[in-house]
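As structure tokens, the structure follows; a few thoughts come after it.
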Amino acid sequence: MLNLDGLNEKQIEAVTSIDGYFRVIAGAGSGKTKALTHRYAYLVGEAGIPPRNILCVTFTNKAACEMKKRVKALVGKDCDTSLITTYHGFCARVLREDISGLFYPENFLILDTPDQKVILSEIYDRLNISLDFASYEDICLAIDIYKDDQSYVDYLVDPKAEIHPEKAKSLKEKIILNYLIGQKKIFGLDFNDLMYFTFALFKKKPEIKQKWQEQIQYILVDEFQDCSKREYRLINILSEVNKNLFVVGDPDQTIYGWRGADMKIIMDFDKKYPKTKTIMLNQNYRSTPEIIATANSLIANNKIRIEKELFSKLEPGVLPEHLHATDEKSEAEGIIKRIKALLNEGYRYSDIAILYRAAYVSRFIEQYFTKEGIPFEIFGSLRFFERMEIKDALAFLRLAAFGDDISFLRIINKPRRRMGKPKVVYLKELAAAHGGTLYENLKNHLGDEIFANTGAAQFVTLIEELRAKVDSVNPSVLLQLALLKSGYEEFIRKDGDMDRLDNIAELKRTVEVYQENYGEFLPLKVFLQQIAVGFDNEADDKRNFIKLMTIHAAKGLEFPAVFVCGMTEGIFPSSRTIEEWFQAGLEEERRLFYVAITRAKNKLYLTESEGIGANNQKTPSRFLFEINENLYTRTGRIPEELIRKTKKKAGISNKAETQTYQVGSSVLHPLFGEGIIESIDDKYKVYNVRFKKNGAIKSIRFDYVGLSQINNDTSSRLEESFLNFNL
DNA sequence: ATTTTCGAGATTTTT
DNA sequence: TCTCGAAAAT
């Protein structure tokens, strides 16, 4: 019998309601993950539903792993948690099983960002384009947009289909088309493709769609407030047959609007599914009443939201403190002083987190912490699987498994085999003439004079040896073999960078643990596809360090003591959202601050400083003045002038322009495209417009001349497209 | 005309 | 810290 002690009435309701549509609006620290994991355990243990029929989707791998761990603790170690996964992880799973329905080979290659860049650099080389034209990031973004309409899938999936880059209207388009050719050649799918291929598969093969719809009897979705339309479409399709959809989220914590998260999906969930039962989890079990009061006071300033008031029954603590310093140096010193006081109270370094809006803010903190000898660690810099040495090491395995050019190019001359650029060019010419991959061509032309005195033959021997064992030998053994025989590990050792060597060792360990957890024999191809969709590095260490991270990175975490530093107008809220007058943007900033505040369990410090010099004088964040001043204390005197300045900035609009369009009108914006006026804000003299492009609401000034009205049947189409994701 | 230097400004990040 | 653009120096 599942133990439900320690759950409140609302949580128990969320856990034990079985069939139908449920929306849990779960405030910060209200035991949302607890409810979710217990519900999973309840479905398995009390209702007898097999884990393979329950899909639990999370936003990140980190969250998925945490969930798996907690589910295993409740249900038992042997519980198959492979369907506790991310959206992309699930798509990869579907495709691994059924991509043949699209006539695509099942040994498709999943391309991460560095892989995409390799393809692009090839194209840049070939077309003689310099990076000045556009960065790879820019092009990746353009590719994302290009893929939005999904028609490209038909080209990738049809071996006979052709596209013609030479007919492209712009250089950018030419690059994009070349990218498509490049990925088709290696059967590579980037992260977007994983979703779009799944949609295409479901559309083309209704029987496969039905198979999955029937298998997935229950769906649990975490962090639903950050769900994008695309992700929602997937969930919607999957829940069509069994109609058991349980979503958890907190609209006040939507902080990924800029990435496509659409708050409207959770807010209008009950309209989309009229039978929805909504459960509110309002009791916070994390923070002191003082911290919760501060959070409530701040978030009440947002207009677009579902009203809810969080409460805490924990022991009263101390009021949050706002520290105003005259310059960065004294801001840092103030923080250090408070850290030392916390240590005296019995806190450990690892109990403390420093949060900030933008990564660069951490710099001055770092500087002073180093000087003071305070141990700290910055979170969320490079990701493990994107590190060069890890990508290189895995490239040997990928080449053995898939034979793709990307992996080939990564490692052909690492370590040096006298296989530099001229020889690679030669290979490319061969491949262009005879077809086939670079590796195949090398293998077939090993006798060519150009490869005499190179390590090419040895390289081919190694890859062939690996290839022969791909289906019978464990990935960890193959990795060991590759690292040893290629000389790569030696190469890194000689390089002298201990971090890199450590990472290689870490990789070996990770692979071993992974294949052990898998249970049965883990084929290399499956392994590579699984880790490509992401993997948590589970390096959650218990070392006694202060953690420095952006607020985005802190989402879902909690700390006994939290410092939010750089509370300066222009940094937080960021100058961009201020300048653009986008009320929706500003509201997202405010939610972000709300997330920051609610990370703190006992102590909360908000710090900020004036700038040095007259020109770049910094003013305190407007958010500080939005919180009821009785709810926090202030240290340091803020000059009257600065307060006036901030309030003036925050007051916005002095222009008394009049409104020309009505609520519900469709309008066209030169940059954002079509949109509908959702509401009108007289105070700020803006229209709140929901744009079709990414569904985000942006505020546009009454006096902005770029806006024009368009006819109304377009607008009804827009509404429909949101509510009905028909395949 | 071309290179160099200097200073100001900076989102946020996953898959 | 990193990057980008404008002014200064060759």
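Being a predicted model, the structure only gives us computed values, none of them experimental. Residue numbers begin at 1 in each chain, while the letters A, B, ... track the order of the sequences.
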What does the list of N/O pairs under 3.5 Å between the protein and nucleotides 1-5 of chain C look like, with a distance for each?
none

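Side chain of Thr86(A), nearest nucleotide from dT12(B), dT13(B), dT15(B): dT15(B). Listed candidates were dT15(B), dT13(B), dT12(B). Nearest to the side chain of Ala359(A) is dT12(B). Of the candidate nucleotides dT14(B), dT15(B), dT11(B), dT15(B) has the atom lying nearest to any side-chain atom of Asn61(A). Among the nucleotides dT13(B), dA10(B), dT14(B), the one closest to any side-chain atom of Ser575(A) is dA10(B).
Closest approach of Ser574(A) to Arg357(A), counting heavy atoms only: CB-NH1, 3.8 Å.
Residues passing the side-chain contact (heavy atoms from CB on, under 4.5 Å) test with Tyr155(A) are Ala161(A), Ile163(A), Leu180(A), Ile181(A), Lys184(A), sequence neighbours excluded. For Thr86(A), the side-chain contact (heavy atoms from CB on, under 4.5 Å) test picks out Thr58(A), Asn61(A), His88(A), Val533(A), with sequence neighbours left out. Evaluation of the side-chain contact (heavy atoms from CB on, under 4.5 Å) rule for Thr85(A) yields Leu55(A), Phe90(A) as partners, not counting sequence neighbours.
Two rings, from Phe376(A) and Phe545(A), have their centers 6.0 Å or more apart. Proximity of the aromatic rings of Phe623(A) and Phe572(A) is defined here by a centroid distance below 6.0 angstrom, and this criterion is met. In this structure, Tyr124(A) has its ring center closer than 6.0 angstrom to the ring center of Tyr136(A).
Distance, Lys555(A) NZ to dT15(B) P: 12 Å, rounded to whole Å. Atom CZ of Arg259(A) and atom C1' of dT13(B) are 5 Å apart (whole Å). Atom CD in Glu137(A) sits about 15 Å away from atom P in dT14(B), given to the nearest Å.
A sub-4.0 Å separation between OP1 or OP2 of dT15(B) and a side-chain N or O of Asn192(A) is absent. For dT12(B), neither phosphate oxygen OP1 nor OP2 lies less than 4.0 angstrom from any side-chain nitrogen or oxygen of Ser574(A).
Between Tyr256(A) and Phe59(A), the ring planes lie parallel to each other; the angle is under 30°, not in the 30° to 60° tilted range.
Counting any heavy atom pair closer than 4.0 Å across all strands shown, Ala553(A) reaches no nucleic acid atom. Using a 4.0 Å heavy-atom criterion, one finds that Phe59(A) contacts the sugar-phosphate atoms exclusively.
Where DNA chain B pairs in unbroken runs of 3 or more (Watson-Crick or G-U, both distances under 3.5 Å), the stems are B:1-10 with C:1-10.
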Would you mind writing out the side-chain donor-acceptor pairs for residues 365-373 of chain A within the sub-3.5 Å range, not counting sequence neighbours?
from      : atom 1 : to        : atom 2 : distance (Å)
Glu366(A) : OE2    : Ser362(A) : OG     : 3.3
Thr370(A) : OG1    : Glu366(A) : O      : 2.6
Glu372(A) : OE1    : Lys340(A) : NZ     : 2.8

